[in-house]
Amino acid sequence: MATKPIPIFEELVRTIGRLPDPVPRFDFTLGWADDYDKLFSNEFSERSGIFELATKSLRTGRALLVGRGGSAKSVILARVAREAIEKGILPFIVSLKGWVGTSYADWKSLSNQNEQIAFLFERFGISGSHPRDADALLRARQRLILVDGLNEVDSAVGQQIINALDDYARSAINTGIIVSDRLVRRDLLRPERWNLALVLPLTTEQIESVVTKHLGDAAGFRHAPSDAKALLSTPYFLNAFLQNGRFSVTESGQMEEFFRTHALSEKDLATASAAAFTVYRDSTRTFAYETFAEVAGADTARRLVEAGAIVRHGQTAFFDHHLKHDYLASRFVVRNRQTWGADTFNTLTFHGSSFETIAMAMEQIGDRETADLFLRELYDWNIYGAGYSIAEGREEKVSAEMRTIILAMFAERQWDIVVATSNRARDTLRLFKTDLARTFWRAANLQDVFRALEKVQTEDPRFAAWRTLFSTPAGTAASDRAVAQLGDKDSVLGWTAANVLKRLKLSERQQEDVRHFVSTNRAVAVRWRAIHVLGSFPSTPNLLVVRDQLGSEVSRLRFGATRSLVEMAAFGEKELGERIFEAIADRVALIREYPSVLGELERVLLIDVGRAPRWWAFVAAIPIERLRSQGGTQDDEVRWTRLITNLVAVYGAKTADGD
Amino acid sequence: MANSLKGKIGSTRVGVLTVTVEEFDIVRGLFKAANDIPATGYFVEQLKSPHNYDVVLKRINQQTNIVSYEVAGGLLEDFLPELVILLGTAGGNSAQDHLGLGDVVVAEYISYAGYWKYKEGMTLERKLPHDHPSNYLMQNFIEPLRVRTDRWRPKIKQPRPPEGDQAEPKMVIGEVVSGNSLYGDPTNAEQRRIMSYFDKACAFEMEGFGVGRAVHSFRNSVYYNPQFLVIRGVSDFVDKYAAQNQTSRVKWTPYAVHASAAVAMTLVEQYLQTPMEEPQPAKQEGQNGN
């Protein structure tokens with residue numbers, strides 16, 4: 001069989017040429033940050049045009065393009081691909097927007113990174129060509145791999161994908177990888193080799209220029225409310241404004257405008273919203289059209305297709321922009337208060353992968369009382385989801401007291417012994433643009449937080465009571481009332497009690513009361529809070545009670561128990577630490593049943609170096625060794641060996657003879 | 001003259017890796033790698049712009065195969081070397097080939113001793129893909145050096161400790177076992193199990209597998225064919241003298257490093273005499289130039 005040259009360049013030109021190139025064309029600016037901390041703080045070491053993505057990724061192998069929904073990440077990647085072609089670089093685009101429910105099962109069946117990379121290219125590559133087809137050109141041609149939409153999959157798979165891409169970038173010669181993602185912190189295997197870029201909002205001058213050019217006059221924009229102007233700094237919404245000349249002050253308002261104008265009545269919106277939420281249950285944006293139509297009604301579904309909101313490919317379909325899908329799904333949740341709870345929030349956010357739908361839901365709530373209630377429900381599910389729902393300018397949706405409470409909770413977490421928790425708390429605080437958030441962020445210790453809270457003016461007696469509880473100095477004796485508040489139906493008070501109790505002195509009787517909550521309380525949230533408290537009180541009775549929760553039928557309790565046991569070990573003596581980790585090791589099969597719990601175990605072992613006992617690496621490695629010894633995929637082996645090595649590198653593990 | 005494929009930083013024909021500070025300092029001196037490429041940890045004889053070198057040296061800053069995998073992977077990514085050499089010391093198995101302290105073991109193949117499944121009283125070996133040392137280098141460079149010890153022995157400048165069983169070091173080619181534990185106690189049950197399982201092993205160390213795995217991960221194109229070697233000086237025995245193990249290691253390490261470095265230096269000198277690949281002109285295909 002003769003070898004024939006592959007016309008790869010022509011094929012790529014055709015593929016890239018088919019990508020949409022929306023008009024009007026906006027000029028995008030990227031802000032480059034040295035690390036995630038600086039990215040979250042908007043501290044940029046450099047600003048550039050978009051092709052710098054290609055330049056930097058070809059230099060170090062990896063670039064991450066981060067932006068909010070609607071910030072035109074896909075458009076930017078397509079434009080970079082076009083420019084690459086012009087410069088003789090070969091671009092290959094992998095779009096994760098085609099990820100469907102069954103993709104998760106397929107992904108899970110892959111046993112190593114070679115298989116994962118092949119899966120990504122074969123299943124989600126948009127071109128008929130594969131990077132291997134350009135191997136013969138590798139001395140003469142550079143390759144770009146552009147992976148669009150890491151946020152389209154749940155956080156666990158997203159992390160695995162970025163790890164696989166990192167390893168691929170390592171050995172792919174003359175190749176740069178660019179990944180687009182939302183603004184979430186990923187654990188990068190080799191952070192020093194990643195270039196992090198944020199899509200900066202369009203400037204007022206840019207917007208005025210575009211508006212003048214396309215509508216003839218920018219007066220409407222100049223006199224618009226500040227919220228509306230802020231919204232138009234996002235390309236998607238500016239584009240929508242240019243299309244219909246109307247603007248809203250919120251993303252959800254803009255979306256509702258679209259649906260009402262183009263397709264749907266109030267009743268249609270209700271059924272379409274229910275359908276949009278239903279098809280998010282698979283944690284994918286691509287869904288079975290029939291499933292959607294069954295809930296929305298065939299006529300409503302058809303009108304959405306005709307309006308261009310839903311793109312149909314045979315049996316499957318997806319919204320032309322995920323913000324439309326997000327809006328409908330969040331609309332359903334806002335209008336169905338009885339559904340508020342962990343299951344619903346997990347569906348809406350792909351199990352905590354993306355909180356933008358939560359933010360959209362918050363936008364749609366009209367009164368502060370309901371917003372406060374929504375926030376409290378979120379708080380019982382995921383503190384970070386609660387934080388994000390009122391960040392980035394949505395602070396005013398809830399009462400001043402509520403946002404102070406939420407911020408204070410994050411402020412205290414800055415000093416959490418678990419590194420990942422501390423990082424995430426700081427990330428969330430940085431998303432708030434208020435003076436109080438900045439004060440908390442800059443606080444040197446918890447006393448500074450207390451002092452800032454004292455200055456908050458309020459006439460709300462509930463806030464005053466909360467402040468008294470929260471400001472209890474560390475090391476003082478806990479009151480029985482504080483212990484009883486663990487069972488409070490109000491999630492904020494209950495969790496505040498849990499967080500405060502962790503830093504107080506609890507008598508043995510009080511600890512027994514807390515254990516009683518764990519063993520007998522019917523409310524999952526209350527049991528979780530009590531488990532959380534016990535993490536700060538290392539003892540055999542506490543170990544036994546928390547240990548048993550590793551077998552709970554509720555994943556959140558296993559999650560909480562895993563974390564509390566590790567905390568207990570960190571705060572206790574070596575002998576207890578060994579018993580704790582042996583207990584965890586004996587139950588790794590239970591931990592493995594939920595990826596989120598396994599991920600939590602992996603995360604919480606990495607604690608603040610300054611507070612880690614000197615024997616930490618030896619003991620913390622016990623369950624990880626057990627995981628290794630149980631076998632698994634090659635990736636599992638690498639994952640656990642890497643973690644053990646990391647533990648040894650960070651916390652040390654000297655042998656008797658000093659080697 | 002460096003090779004024609006370029007990594008993220010530049011190119012080199014040979015990449016040399018060592019582990020401990022002591023090994024690194026000795027090898028850096030012998031290879032005259034006095035200058036570091038800023039903020040990279042790589043050392044070269046003389047900085048160049050662009051970064052095209054004959055030899056680049058880096059230390060693997062911690063034992064275990066995961067770390068050596070990372071560092072070797074970084075070296076490959078940054079320079080795409082034609083050849084990677086892992087240099088240093090190892091625990092020897094005195095029962096193989098009359099191995100003595102200060103002898104040089106060159107790995108013919110690597111066995112990984114860090115991946116087992118413990119199930120119902122059984123210990124099952126598990127495997128991960130990795131490269132074995134280069135047949136090309138073994139045939140054309142190492143085997144001749146095994147025979148012609150006069151080519152490398154004179155390069156050993158470190159005085160030989162007097163307690164050895166033999167007057168001069170020899171080279172042994174054979175199995176090297178690479179695990180994630182130090183084998184410093186011949187009475188330890190797990191160490192004895194490992195030694196019994198790999199009964200033909202000449203030496204035991206903790207980094208060779210990681211380097212082999214990194215090289216294997218770069219074997220994903222027909223156009224790049226990296227070669228690697230593991231060269232280890234014997235600083236102590238894993239099968240006897242439990243009480244003296246640490247003393248032996250302290251006493252013999254400098255000599256063992258010098259001996260392994262002498263072999264490596266001779267090999268590198270000879271290797272650099274071989275012509276490098278001709279640079280390929282860019283192919284012109286189609287209207288857009290590909």
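In the text below, chain A, chain B and the rest are named by the order of the sequence lines, each starting its count at 1. Everything numeric in this text was worked out from a predicted model, so none of it was measured.
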Going through the distances and angles, do R213(B) and V638(A) end up as a side chain to side chain contact (heavy atoms under 4.5 Å, CB included)?
-> CA-CA 11 Å; R213(B) 187 157 162 72; V638(A) 172; 3.1 Å; yes
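- For the side chain to side chain contact (heavy atoms under 4.5 Å, CB included) with T641(A), the lone residue among N65(B), I66(B), T64(B) that qualifies is I66(B).
- Across T60(A) and K8(B), no two heavy atoms sit closer than the pair C-CD, 3.8 Å.
- A salt bridge links E77(B) to R62(A): at least one charged side-chain nitrogen sits closer than 4.0 Å to a carboxylate oxygen.
- For S248(B), there are no side chain to side chain donor-acceptor pair (under 3.5 Å) partners two or more places apart in sequence or in a different chain.
- Nearest heavy-atom pair across N220(B) and A172(A) is ND2-N, 4.4 Å.
- Heavy-atom minimum distance, E70(B) versus R170(A): O-NH1, 3.0 Å.
- Contacts of I644(A) with chain B are absent, with no heavy-atom separation under 4.5 Å from either backbone or side chain.
- With a 4.5 angstrom heavy-atom cutoff, R59(A) touches chain B only via backbone atoms.
- Considering OG of S217(B) and CD of Q113(A), their distance stands at 10.0 Å, rounded to 0.5 Å.
- Minimum interatomic distance between Y69(B) and R190(A) (heavy atoms only, all atoms of both residues): CE2-NH2, 4.4 Å.
- Residues D78(B) and R193(A) are paired through a salt bridge, judged by an N-O separation under 4.0 Å between the basic side chain and the carboxylate.
- Atom-to-atom distance recorded for I173(A):CD1 and Y223(B):OH is 11.5 Å, nearest 0.5 angstrom.
- In this structure, no portion of R219(B) lies under 4.5 Å from any heavy atom of chain A.
- With respect to the salt-bridge test (charged N to carboxylate O, under 4.0 angstrom), the residues E637(A) and K127(B) do not qualify.
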